[in-house]
2 protein chains.
Amino acid sequence: MLIYSYMAKDLCEIKSIHQTTVRKTIARIQKIDGLDRTAEIFKLMGDMTKLKITCALSLEEMCVCDISHVLNISQSATSHQLRILRGAKLVKYRKEGRIAYYSLSDSHVKNLLSSTIKHAQHRKE
Amino acid sequence: MLIYSYMAKDLCEIKSIHQTTVRKTIARIQKIDGLDRTAEIFKLMGDMTKLKITCALSLEEMCVCDISHVLNISQSATSHQLRILRGAKLVKYRKEGRIAYYSLSDSHVKNLLSSTIKHAQHRKE
DNA sequence: TGAATATATGAGCATATATGCATATATAAA
DNA sequence: TTTATATATGCATATATGCTCATATATTCA
């Protein structure tokens, strides 16, 4: 990075323009707790299928079959996505006979969802 | 979906268990404004590199070179990611000579970031 | 017990994405 | 004008992800 052919004599010399800012920022980012989890949540919700599932479940609990109809995707695809959301503990489910009712695992997900939608709507232009 | 070999006679018969819930939920999701943009924002922030860039920029504006040092990735990778963030209007930049100073395009991104980090920290267990 | 049904899951494929490499562009300095 | 430097970007590739297909599992009912 930032190493050109004509710099080859001095590979150790890696420059940053504002060293104080860089050091300060590195320290601050390292101090942020739960950044990995934040990225995980963002990544999961960044998929339209999972986002819609989450939206649907923020209204009320639903079974796999109904979710697949709401999103107009196959039962298999729905189940795969729910499995991932389950793994990330964003949703939970209860079984009633052979029917699995999924719901959001806690209110934080719902709040995050509504606040982000608001942010998205406040988009400029 | 939900079609088994022994159902082949009646392919049009696709069942949903709770039809009222399904219809209601479809209508509600369609009514949500800015869902695509929400997914876009989530997806971008769901990548550790972009998330860290956003975190860094939420503190103060920074040049490409410094960002690459903060994240410990190449200048090229940094520039590629910034390009994507620019395209999604999450960051903007100003040029000062040959240096490009990037910053968050508005405070909504910063607010979204801090609120999501809080949500992530409130994680159960 | 056997058929129907609701869900789960492994394998494979198609697509998307992040990054490295090489190079282009733009500006500053000599 | 030539060299140095800060950033941008096209291309290639490795990896990740979502979906389909086939099938497994679990539960209900006849």
Side-chain angles (χ1 to χ4, degrees), chain A residues 1-10 13-18 22 39-40 42-53 61-69 71-88 91-102, chain B residues 1-10 13-18 22 39-40 42-53 61-69 71-88 91-102:
Chain A
M1 84 185 70
L2 296 176
I3 297 170
Y4 302 91
S5 50
Y6 39 79
M7 287 174 63
K9 313 155 198 165
D10 198 354
E13 175 91 5
I14 294 174
K15 315 181 179 182
S16 83
I17 300 180
H18 309 90
V22 170
E40 185 189 20
F42 274 139
K43 174 178 272 175
L44 293 173
M45 311 276 277
D47 171 62
M48 247 320 198
T49 304
K50 297 193 194 72
L51 182 60
K52 280 185 183 170
I53 290 176
E61 70 170 14
M62 294 181 73
C63 70
V64 179
C65 174
D66 289 344
I67 296 172
S68 75
H69 280 86
L71 303 204
N72 197 33
I73 60 175
S74 72
Q75 175 272 323
S76 175
T78 308
S79 192
H80 277 297
Q81 297 296 336
L82 285 170
R83 186 171 130 92
I84 295 169
L85 291 172
R86 246 188 298 141
V91 306
K92 59 179 168 34
Y93 75 107
R94 66 183 181 83
K95 274 257 189 175
E96 197 169 286
R98 39 186 173 181
I99 302 180
Y101 288 95
Y102 279 82
Chain B
M1 83 186 72
L2 296 175
I3 297 169
Y4 301 91
S5 50
Y6 39 78
M7 286 174 68
K9 311 156 201 167
D10 197 354
E13 175 91 8
I14 294 176
K15 314 184 183 182
S16 81
I17 301 179
H18 311 91
V22 170
E40 186 190 19
F42 275 138
K43 174 179 273 176
L44 293 173
M45 312 276 277
D47 171 62
M48 248 316 196
T49 304
K50 297 193 196 70
L51 182 60
K52 280 184 182 170
I53 289 176
E61 69 171 13
M62 293 181 74
C63 70
V64 179
C65 175
D66 288 343
I67 295 172
S68 75
H69 280 87
L71 302 203
N72 197 32
I73 61 175
S74 73
Q75 175 272 323
S76 175
T78 308
S79 193
H80 277 299
Q81 298 295 338
L82 285 169
R83 185 170 132 93
I84 296 168
L85 291 172
R86 245 188 299 142
V91 306
K92 59 178 166 37
Y93 75 107
R94 65 181 181 86
K95 273 257 188 174
E96 197 169 289
R98 40 190 171 180
I99 302 179
Y101 288 96
Y102 280 82

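Labels below follow one simple rule: chain letters A, B, ... track the order of the sequence lines, proteins then strands, and each chain is numbered from 1.
Separating the CZ atom of A:Arg83 from the C1' atom of C:dA11 is a distance of 13 Å, rounded to the nearest angstrom. At whole-Å resolution of the value, CD in B:Gln75 and P in C:dT19 are 13 Å apart.
Taking 4.5 Å as the limit, some side-chain heavy atom of A:Cys63 sits within range of a side-chain heavy atom of B:His18. Side-chain contact between A:Asp47 and A:Leu51: absent, with no pair of heavy atoms (C-beta onward) separated by less than 4.5 Å. Side-chain contact check for A:Tyr93 versus A:Arg86: some heavy-atom pair is nearer than 4.5 Å. Between B:Tyr101 and B:Glu96, the closest side-chain pair of non-hydrogen atoms falls below 4.5 Å.
Using a distance-only test at 3.5 Å, with no hydrogens or angles considered, no donor-acceptor pair links the side chain of B:Ser79 to the main chain of B:Ser76.
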With the sugar-phosphate defined as primed atoms, P, OP1 and OP2, and the base as all remaining atoms, what B/S/- string results for nucleotides 14-19 of chain D, 5' to 3', for protein heavy atoms under 4.0 Å? ---SSS
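Closest non-hydrogen pair, A:Ile84 versus A:Leu44, comes out as CG2-CD2, 3.5 Å. Contact detail for B:Ser68 and B:Ser74: the closest heavy-atom pair is CB-O, 3.9 Å.
Among the nucleotides D:dC21, C:dA8, C:dA22, the one closest to the side chain of B:Ser76 is C:dA22.
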Give each protein N/O atom lying under 3.5 Å from an N/O atom of nucleotides 26-28 of chain C, with the pair distance.
none

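Within 4.0 Å (heavy atoms only), B:Tyr102 reaches sugar-phosphate atoms of the nucleic acid but no base atom.
Centroid-to-centroid, the aromatic rings of B:Phe42 and A:Phe42 come within less than 6.0 Å.
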